[in-house]
Amino acid sequence: QLQLVESGGGLVEPGGSLKLSCAVSGMHHTLYTIGWFRQAPGKEREGVSCITVTDGPTYYADAVKGRFTISRDHAMTTVFLQMNNLKPEDTAIYYCAASWATPVGTMCSGEAAPGIWGRGTQVTVSS
């Protein structure tokens, strides 16, 4: 069974950078879409960025375009989220999620909720 484990969160000052990692195990097919979601206190969970495992199309929420970059390693064992120019409003718990054969926009926009989730990693942007 597919399992996801996030790492790389922490405390960073505004304007700083962090790189999150999502370790993927138990994947026997290449039709998964992997995505990063976040949930801030008192707010609904939102899709941040998604990518197909085959390194095809990507999706970014408007709030992170130009600042965040999603990628994966060639072994398809880790999906990364490079976050630059972080802002206090980026503070949230960041979750890695997976969905079978789902277009990146459908998954990240919330039209189709992912079925597999990691436990999350806290990102705090504060001076």
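The basis for the numbers below is simple: all heavy atoms, side chains too, and nothing from hydrogens, waters or symmetry mates.
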So which pairs with a foot in residues 35-46 pass side chain to side chain donor-acceptor pair (under 3.5 Å), sequence neighbours left out? Arg38-Glu46, Arg38-Asp90, Arg38-Tyr94
Treating Thr106 as the side-chain partner and Ala112 as the backbone partner, does any N or O pair qualify as donor plus acceptor under 3.5 Å? no
Which heavy atom of Val64 sits nearest a heavy atom of Val48, and at what distance? CG2-O, 3.7 Å
For Leu18 and Val12, the nearest pair of non-hydrogen atoms, with its separation, is CD1-CG1, 4.0 Å
In Å and rounded to the nearest 0.5 Å, what is the CG to CZ distance from Asp73 to Phe80? 5.0 Å
Nearest heavy-atom contact between Ala92 and Ala40 is CB-N, 3.8 Å
Donor-acceptor pair, distance only, cut-off 3.5 Å: does the side chain of Tyr60 make one with the backbone of Arg67? no
Could you walk me through whether Thr58 and Val104 pass side chain to side chain contact (heavy atoms under 4.5 Å, CB included), step by step? CA-CA 6 Å; Thr58 58; Val104 290; 5.9 Å; no
With a 6.0 Å cut-off (strictly less than), is the heavy-atom count around CD of Gln3, excluding the residue itself, greater than 12? no
Treat each ILVMFWY residue as a node, draw an edge where side-chain heavy atoms are under 4.5 Å apart, and state whether Tyr95 and Ile70 are in one component. no
List the atom of Gly105, the atom of Tyr59, and the distance in Å for their closest heavy-atom pair. CA-CD1, 3.6 Å
Could you measure the distance from the OG atom of Ser25 to the CG atom of Leu4? Nearest 0.5 Å is fine. 7.5 Å
Would you say Thr124's side chain and Thr91's backbone share a donor-acceptor pair under 3.5 angstrom? no
Same apolar cluster (I L V M F W Y, side chains within < 4.5 Å links), Met76/Ile51: yes
CG-CD1 distance between Leu2 and Ile116, expressed to the nearest 0.5 angstrom: 4.5 Å
Got a second to check how far Ser49's OG is from Leu20's CG, nearest 0.5 Å? 11.0 Å
Distance (rounded to the nearest 0.5 Å) between Arg119 CZ and Ser7 OG: 14.0 Å
So, the side chain of Thr102 versus the backbone of Trp100: is there a donor-acceptor pair under 3.5 Å, distance only? yes
Could you walk me through whether Val24 and Thr77 pass the side chain to side chain contact (heavy atoms under 4.5 Å, CB included) test, one step at a time? CA-CA 5 Å; Val24 182; Thr77 59; 5.6 Å; no
Heavy-atom closest pair, residues Cys96 and Glu6: N-OE2, 2.8 Å
Pro114 side chain reached by Phe37 side chain, heavy atoms, under 4.5 Å: yes
Taking every heavy atom of Gly47 against every heavy atom of Ala61, the minimum-distance pair comes out as O-CB, 3.4 Å
Could you tell me the separation between the OG atom of Ser99 and the CE atom of Met107, rounded to the nearest 0.5 Å? 5.5 Å
Expected list for residues 81-88: side-chain donor-acceptor pairs under 3.5 angstrom, two or more places apart:
residue, atom, partner, partner atom, Å
Gln82, NE2, Asn84, OD1, 2.9
Asn84, OD1, Ser17, OG, 2.9

